[in-house]
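First up is the structure itself, then whatever we jot down about it.
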Number of protein chains: 2
Amino acid sequence: MQYQEAKEKFISTWGSLGTLWGINKAMAQIQALLFISTEPLSMEDIMEELKISRGNTSTNLRQLIDWGIVSKKLITGERKEYFTTEKDVQELARHIAKERSRREIQPVIKVLNEISSIKDDNTTKTKELIKQTKALHDLAETADTMLHKIVNQEQNWITKSLLKLIK
Amino acid sequence: MQYQEAKEKFISTWGSLGTLWGINKAMAQIQALLFISTEPLSMEDIMEELKISRGNTSTNLRQLIDWGIVSKKLITGERKEYFTTEKDVQELARHIAKERSRREIQPVIKVLNEISSIKDDNTTKTKELIKQTKALHDLAETADTMLHKIVNQEQNWITKSLLKLIK
DNA sequence: ATAAACTTTCAATAATTTCTGAAAGTTTAA
DNA sequence: TTAAACTTTCAGAAATTATTGAAAGTTTAT
């Protein structure tokens with residue numbers, strides 16, 4: 001496998017994985033492209049490389065910036081904007097975990113908490129609803145907390161000791 | 001908030017969360033419904049409750065069964081089939097993690113491994129591709145392994161000690 | 001101020017995914 | 001067997017989501 005083929009395979013695989021996990025394909029592919037690029041890319045570069053429109057590129061770059069994993073890079077003497085992504089996988093994972101938690105998990109935990117706090121009228125079905133949503137709430141909270149702790153540590157002390165402990 | 005409202009809120013929240021994470025809404029809602037139901041439900045029950053068609057119900061039940069989180073329950077004297085979901089959140093999480101890993105993460109790890117193993121032709125861009133896909137590969141493998149270990153333990157010894165260690 | 005260079009926005013369209021409903025298939029009871 | 005009770009399948013319809021492209025907006029240089 002040569003460079004070009006490998007590159008295309010990486011970008012397309014990343015796009016598919018994104019789709020599977022509820023992330024827009026173009027967004028995932030732009031990030032993938034930047035991730036393996038040796039220097040910042042302009043909008044033109046990205047459009048050209050991924051064969052997508054200007055509008056699509058602009059919209060998805062903005063989203064990636066909102067997610068905190070892509071940033072604008074001003075190149076002196078150049079009029080147009082250039083973009084780079086976080087190159088460190090650890091940092092990348094941290095950002096993504098943090099954002100998905102904030103946008104998607106936290107609100108669900110809140111709802112589960114509300115639901116599991118309804119007044120128990122002593123019917124079987126109400127008891128079951130309370131019991132099950134409470135269990136889900138606790139699981140979600142534990143998982144979310146663990147994820148944060150693991151992913152936030154500046155690697156190497158806690159993660160390594162964790163891994164040792166688990167393996 | 002009364003029972004009915006709480007139930008609807010739970011089902012609809014679960015459906016939305018599913019959608020956000022690449023899981024079909026009907027599939028997530030059927031699972032949610034079974035999860036808080038005190039007894040097994042028939043296809044009719046589910047169609048009625050969620051206001052979805054027979055075809056949709058049948059297809060998504062089959063998917064849930066394929067995922068290993070719903071099972072058929074034969075009730076003696078009854079002609080039709082009844083369904084239940086795994087009621088234990090820990091087991092539920094285990095199944096889902098296992099399946100998503102097997103179907104989605106493992107194949108990506110394999111691809112990343114292939115890509116990061118291409119011949120280094122000593123150009124900057126090839127070096128970068130190899131370096132970055134290798135980093136991603138290692139991260140994915142570590143995360144996947146950790147997830148499995150955590151989720152597979154029959155709770156309470158390792159997870160609790162882990163939590164203590166992390167918190 | 002003007003115009004060139006560039007980016008964003010958004011209505012229209014395309015692509016994809018989900019859902020329906022009825023026909024075909026299967027199982028069970030008599 | 002036959003027929004009723006039930007489930008699956010799948011072509012077409014509906015709903016949702018992604019994408020385009022051009023007009024509007026912004027910035028910079030002169």
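Predicted model, so just to flag it, every value in this text is computed and none were measured. Atom set for the values below is all heavy atoms of this structure, side chains included, hydrogens, waters and symmetry mates excluded. Residue numbers start from 1 in every chain, and the chains themselves are labelled A, B, ... in the order their sequence lines are given, proteins ahead of strands.
Atom CG of L41(A) and atom P of dT7(C) are 13 Å apart (whole Å). Atom P of nucleotide dT16(C) and atom CG of L20(A) are separated by 15 Å, given to the nearest angstrom. Residue L74(A) contributes atom CG, which lies 13 Å from atom P of dT27(D) at whole-angstrom precision. Remark: P of dT7(D) and CD1 of I65(B) are 11 Å apart, rounded to the nearest angstrom. For the pair N24(A) CG and dA14(C) C1', the interatomic distance rounds to 14 Å; values are reported in whole Å. With rounding to whole Å, K80(B) atom NZ is found 22 Å from dT26(C) atom P. Here dT9(C) presents its P atom at 11 Å from CE of M43(A), a figure rounded to the nearest Å. Here dC19(C) presents its P atom at 14 Å from CD1 of I46(B), a figure rounded to the nearest Å.
Remark: R100(A) is not positioned above the aromatic ring of W67(A), lacking an NZ or CZ atom under 6.0 angstrom from the ring centre and at most 45 degrees off the axis.
In terms of phosphate contacts, N60(B) brings no side-chain nitrogen or oxygen within less than 4.0 Å of OP1 or OP2 of dT18(C).
Nearest to the side chain of I52(A), among dT20(D), dT17(D), dT7(D), sits dT20(D). When the nucleotides dT7(D), dT19(D), dT8(C) are ranked by their closest atom to the side chain of K25(A), dT19(D) comes out on top.
One side chain, T85(A) or Q31(A), offers a donor N or O that lies under 3.5 Å from an acceptor on the other.
Note on ring orientation: taking the six-membered ring where Trp is involved, the planes of F35(B) and F10(B) are tilted (angle from 30° to 60°).
Mapping E78(A) and R62(A) onto DNA chain C via the closest heavy atom, the residue that lands nearer the 5' end is E78(A). When each of K72(A) and R79(A) is assigned the nucleotide of DNA chain C with its nearest heavy atom, R79(A) is the one assigned upstream, toward the 5' end.
Between L112(A) and the choices H137(A), Q132(A), K134(A), the side-chain contact (heavy atoms from CB on, under 4.5 Å) rule is met once, by H137(A).
Residue contacts shown for N56(B) include a base, since a base heavy atom lies under 4.0 Å away. Among the atoms of the strands shown, base atoms are found under 4.0 Å from some heavy atom of R54(B).
I118(B) is listed as a side-chain neighbour of L129(B), based on a closest heavy-atom distance under 4.5 Å.
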